[in-house]
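Worksheet: one structure, shown below.
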Amino acid sequence: MTLKPMVLELGMGTDIRGDDYTKAAVRALKAALWQNTIAFADAFGQPKEAMYVKVIIGVAKPDQVDKAAVAAVLPYGQADVHVEEGGMDTPLEDGSGMTVLANAAAIVYLDLPEDQSFGDPA
């Protein structure tokens with residue numbers, strides 16, 4: 001069996017006034033996931049819980065993201081959350097804080113036999 005990438009989903013999220021990197025990251029992942037329905041696990045004879053989801057979050061201050069809160073967004077599957085420098089911070093005009101922008105990529109994998117292809121469930 002081999003983990004094979006099946007889907008890449010992308011999203012962007014913000015926290016307009018709260019300087020909250022976790023909130024922006026969670027919103028970015030929700031934006032990536034909530035636009036689609038992923039039902040391909042059944043096509044391969046696997047439950048959706050068998051999906052492995054690598055989540056990559058980009059924010060200006062990676063150490064301020066709660067990875068567990070980001071992982072909790074996933075409705076099923078096994079989460080592997082990575083946070084790296086990216087996104088963008090924009091200071092508010094009145095100097096009272098920052099608008100935080102986060103980017104998210106979710107790569108969904110299934111553990112499939114080496115020779116299995118779409119439409120050919122083992």
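Both backbone and side-chain heavy atoms feed into the values below; hydrogens, waters and symmetry mates do not. Positions are given from 1, in the same order as the sequence printed here.
- Linking Ile, Leu, Val, Met, Phe, Trp and Tyr whenever their side-chain heavy atoms come within less than 4.5 Å puts Leu29 and Val53 in one cluster.
- Panel note: side chain Gln46, backbone Asp111; a donor-acceptor pair is recorded below 3.5 Å.
- At a threshold of 4.5 Å between side-chain heavy atoms, the hydrophobic network of Ile, Leu, Val, Met, Phe, Trp and Tyr places Val73 and Met51 in one connected group.
- Between Asp66 and Val70, the closest side-chain pair of non-hydrogen atoms is not below 4.5 Å.
- A 4.5 Å side-chain heavy-atom check between Leu74 and Leu33 finds at least one atom pair inside the cut-off.
- The side-chain hydrogen bond (donor to acceptor under 3.5 Å, both in side chains) analysis of residues 96-110, with sequence neighbours excluded, yields the pairs Asp94-Ser96.
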task = Just do the side-chain contact (heavy atoms from CB on, under 4.5 Å) check on Lys67 and Val83 with the steps written out, would you?
result = CA-CA 8 Å; Lys67 291 181 183 181; Val83 184; 4.0 Å; yes
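- Nearest heavy atoms, Gln78 versus Ala50: NE2-O, 4.0 Å.
- Closest approach of Ala102 and Ala28 over heavy atoms only: O-CB, 3.6 Å.
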Under 3.5 Å, which donor-acceptor pairs link side chains of residues 84-93 to any protein atom two or more places apart or in another chain?
| unit_1 | atom_1 | unit_2 | atom_2 | d |
| --- | --- | --- | --- | --- |
| Asp89 | OD1 | Tyr21 | OH | 3.2 |
| Asp89 | OD2 | Tyr21 | OH | 2.5 |

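- Smallest separation of non-hydrogen atoms from Ala104 and Ile57: CB-CD1, 3.6 Å.
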task = Apply the test side-chain contact (heavy atoms from CB on, under 4.5 Å) to residues Lys48 and Asp42: give CA-CA distance (whole Å), side-chain angles for both, the deciding distance (0.1 Å), then the verdict.
result = CA-CA 7 Å; Lys48 54 190 171 222; Asp42 290 337; 6.0 Å; no
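- Counting only heavy atoms from C-beta outward, the side chains of Lys4 and Leu110 never approach each other to under 4.5 Å.
- Residues that satisfy the side chain to side chain contact (heavy atoms under 4.5 Å, CB included) test with Ala31, not counting sequence neighbours, are Gln35.
- A 4.5 Å side-chain heavy-atom check between Val81 and Val65 finds every atom pair outside the cut-off.
- Residue pairs satisfying the side-chain hydrogen bond (donor to acceptor under 3.5 Å, both in side chains) criterion with at least one member in residues 50-65, sequence neighbours excluded, are listed as follows: Tyr52-Asp80.
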N/O donor-acceptor pairs under 3.5 Å from side chains in residues 11-20, not counting sequence neighbours:
| unit_1 | atom_1 | unit_2 | atom_2 | d |
| --- | --- | --- | --- | --- |
| Asp15 | OD2 | Gly18 | N | 3.2 |
| Asp15 | OD2 | Asp19 | N | 3.2 |
| Asp15 | OD2 | Asp20 | N | 2.8 |
| Asp19 | OD1 | Met98 | N | 2.5 |
| Asp20 | OD1 | Thr22 | N | 3.0 |
| Asp20 | OD1 | Lys23 | N | 2.9 |

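- Checked against side chain to side chain contact (heavy atoms under 4.5 Å, CB included), Ala72 has no partners two or more places apart in sequence or in another chain.
- Using a 4.5 Å cut-off between side-chain heavy atoms of Ile, Leu, Val, Met, Phe, Trp and Tyr, with links allowed through other members, Phe44 and Tyr76 fall into the same hydrophobic cluster.
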